[in-house]
Amino acid sequence: MTRRLAIAITSALLAALLVPQVADAATTLNQVVDNLRVWLIGLLVGLATLLLTIAGVRYLISGGDPNQIERAKSALKAALWGYGLAALAPVLVTVLQHVVG
């Protein structure tokens with residue numbers, strides 16, 4: 001049940017992010033890179049928040065089961081990695097922008 005909910009939420013998030021925005025159409029390479037940065041940060045933060053929520057729910061319903069607690073800790077670590085990557089996304093896109101031109 002939790003996996004289906006996670007897939008549904010992730011699919012809805014991706015669909016919302018991938019809808020073309022005519023007003024935000026990029027005309028220069030710098031605008032493309034800036035749009036990429038914003039999209040990347042939004043995606044990473046959204047997924048990290050989803051993983052954090054799943055980790056919290058798993059921990060709450062674990063009932064003291066060590067296996068379930070370890071799964072919750074694993075999801076929490078994945079969420080923290082996601083937030084870390086979201087924080088580093090502007091730096092990575094800036095490096096990409098300097099490499100490309």
Side-chain angles (χ1 to χ4, degrees):
M1 180 71 176
T2 305
R3 175 171 263 177
R4 289 181 186 171
L5 180 63
I7 291 171
I9 292 172
T10 303
S11 298
L13 177 65
L14 286 175
L17 290 173
L18 296 177
V19 172
Q21 301 292 327
V22 177
D24 293 338
T27 56
T28 66
L29 182 60
N30 285 337
Q31 288 176 336
V32 170
V33 173
D34 286 340
N35 290 345
L36 174 67
R37 185 191 74 231
V38 170
W39 183 81
L40 184 64
I41 291 171
L43 179 66
L44 289 171
V45 168
L47 289 175
T49 303
L50 177 66
L51 285 172
L52 185 64
T53 303
I54 291 171
V57 169
R58 280 187 175 166
Y59 187 76
L60 287 174
I61 65 173
S62 68
D65 181 17
N67 188 27
Q68 292 296 326
I69 291 175
E70 285 303 315
R71 289 181 72 190
K73 287 181 183 179
S74 173
L76 177 63
K77 289 175 188 175
L80 293 176
W81 273 103
Y83 284 124
L85 287 174
L88 289 176
V91 174
L92 297 174
V93 172
T94 302
V95 168
L96 176 69
Q97 191 173 18
H98 284 18
V99 168
V100 173

Quick one: list whatever passes side chain to side chain contact (heavy atoms under 4.5 Å, CB included) with I41, sequence neighbours left out.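 Here the qualifying residues are R37, V45, A89, P90.
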Is L92 reachable from Y83 through a run of hydrophobic residues whose side-chain heavy atoms are each under 4.5 Å from the next?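 Not linked; separate clusters.
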Report the distance from atom CG of L44 to atom OG1 of T49, rounding to the nearest 0.5 Å.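 L44 CG to T49 OG1: 10.5 Å, rounded to 0.5 Å.
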At what distance, to the nearest 0.5 angstrom, does NZ of K77 lie from CG of L51?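 If we round to the nearest 0.5 Å, K77:NZ and L51:CG are 14.0 Å apart.
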Is there a side-chain contact between Y59 and L76 in this structure, where contact means two heavy atoms from C-beta onward sitting under 4.5 Å apart?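 With C-beta onward as the side chain, the pair stays apart.
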